[in-house]
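Below is one structure, written out as structure tokens; the observations come after it.
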Amino acid sequence: MAVRANQIFVNLPVQDLKRSVDFFTKVGFEFNAQFTDDKATCMIVGENIFAMLLVEERFQSFITKKIANAAETTEVIVALSVASREEVDAIVQAALDAGAKQYNEPQDHGFMYGRSFQDLDNHLWEVSYINLSAFPSNQPE
């Protein structure tokens, strides 16, 4: 049986929930008020894709290990695929304007274009556009 999830919830620890909500609102994301309180919020990333932003104390209640210091280590890269190169640039520019830091130089491979940033809690976000019609074939000719 192949696994096929209906939704994905990425859980991220944040130091200051209001600051994170303000930041991601400026980037262009919306939030589900039904799953929001003073310790957590549900950021809507896509139709069935969500990021739960949890204050560190609340995040810690789900785990027995220490929370990774995202300024020093990387446990995950949140990678988003969008509909165009222009959308990649618009999202990343909005993040930078809202206080994010550019993480890597833009990557342009012809069929794929991407940019990345670190959010206010140093989580890595990668935004990319893939033009499948220009994707190189792996099939022998």
List in chain and number order the residues that pass side-chain hydrogen bond (donor to acceptor under 3.5 Å, both in side chains) with T64, two or more places apart in sequence or in another chain; answer none if no residue qualifies. none
From M112 atom CE to N131 atom CG, the distance as rounded to the nearest 0.5 Å: 12.0 Å
Is a donor from one side chain sitting under 3.5 angstrom from an acceptor on the other, for D121 and S20? yes
Checking E87 now: which residues fulfil side-chain hydrogen bond (donor to acceptor under 3.5 Å, both in side chains) with it, not counting sequence neighbours? none
To the nearest 0.5 angstrom, please state how far the CE atom of M52 sits from the OG1 atom of T36. 7.0 Å
Does F59 CZ have over 12 foreign heavy atoms under 6.0 Å away? yes
Heavy-atom pair with the smallest gap, counting every atom of P13 and I67: CG-CG2, 3.7 Å
Before accepting this row, confirm whether a basic side-chain N of the pair D22/K18 lies closer than 4.0 Å to the acidic partner's carboxylate O. yes
If you group Ile, Leu, Val, Met, Phe, Trp and Tyr by side-chain heavy-atom gaps below 4.5 Å, do I91 and I44 land in one group? no
What about V82 and L132, same hydrophobic cluster or not, with Ile/Leu/Val/Met/Phe/Trp/Tyr joined at side-chain heavy-atom distances under 4.5 Å? no
On a heavy-atom basis, the closest approach of A95 and F23 is O-CE1, 3.4 Å
May I ask you to decide if K65's main-chain N or O and Q60's side chain share a donor-acceptor pair within less than 3.5 Å? yes
Does a side-chain heavy-atom distance below 4.5 Å link V21 with F31? yes
Between L17 and D38, does a side-chain contact (heavy atoms from CB on, under 4.5 Å) hold up when you go through it step by step? CA-CA 8 Å; L17 187 61; D38 62 333; 5.7 Å; no
All side-chain hydrogen bond (donor to acceptor under 3.5 Å, both in side chains) counterparts of Q118, not counting sequence neighbours: N122
Gap separating the CG atom of L53 from the CZ atom of R19, nearest 0.5 angstrom: 12.0 Å
Ring centers of Y129, Y113 separated by less than 6.0 Å: no
Check the hydrophobic clustering (I, L, V, M, F, W, Y; side-chain heavy atoms under 4.5 Å; chains of links allowed) and say if V14 and V76 are grouped together. yes
Under a 4.5 Å side-chain heavy-atom rule over Ile, Leu, Val, Met, Phe, Trp and Tyr, are M43 and I8 clustered together? yes
Verify, without hydrogens or angle tests, whether Q107 (side chain) and E105 (backbone) share a donor-acceptor contact under 3.5 angstrom. yes
Please report the C-alpha distance between V127 and R115 in whole Å, then the side-chain angles of each, then the deciding distance to 0.1 Å, and finally whether the side-chain contact (heavy atoms from CB on, under 4.5 Å) criterion is met. CA-CA 6 Å; V127 186; R115 293 179 62 189; 5.7 Å; no
Between atom SG of C42 and atom CG of N11, what is the distance when rounded to the nearest 0.5 Å? 9.5 Å
Tell me, with the steps shown, if F62 and L54 meet side-chain contact (heavy atoms from CB on, under 4.5 Å). CA-CA 10 Å; F62 291 105; L54 306 157; 4.2 Å; yes
Taking CD in E47 as the centre, count heavy atoms belonging to other residues, nucleotides or ligands within less than 6.0 Å. Is the count above 12? no
Do any N or O atoms from the side chain of S116 and from the backbone of N104 form a donor-acceptor pair under 3.5 angstrom? yes
Same hydrophobic cluster for L124 and L120, using side-chain heavy-atom links shorter than 4.5 Å among ILVMFWY? no
Nearest heavy-atom pair of V78 and V10: which atoms, and what distance? CG2-CG1, 4.3 Å
Is any side-chain heavy atom of F24 closer than 4.5 Å to one of T41? no
Using every non-hydrogen atom in the two residues, find where F117 and A100 come nearest and quote the distance to one decimal. CD1-CB, 3.7 Å
Could you tell me how the ring of F29 sits relative to the ring of W125: parallel (under 30°), tilted (30 to 60°) or perpendicular (over 60°)? tilted
When rounded to the nearest 0.5 Å, the distance separating NE2 of H123 from OG1 of T74 is 10.5 Å
Q93/L96 under side-chain contact (heavy atoms from CB on, under 4.5 Å): CA gap, chis, key distance, verdict: CA-CA 5 Å; Q93 191 58 54; L96 297 174; 4.2 Å; yes
Rounded to the nearest 0.5 Å, how far apart are OH of Y103 and CD of E126? 10.5 Å
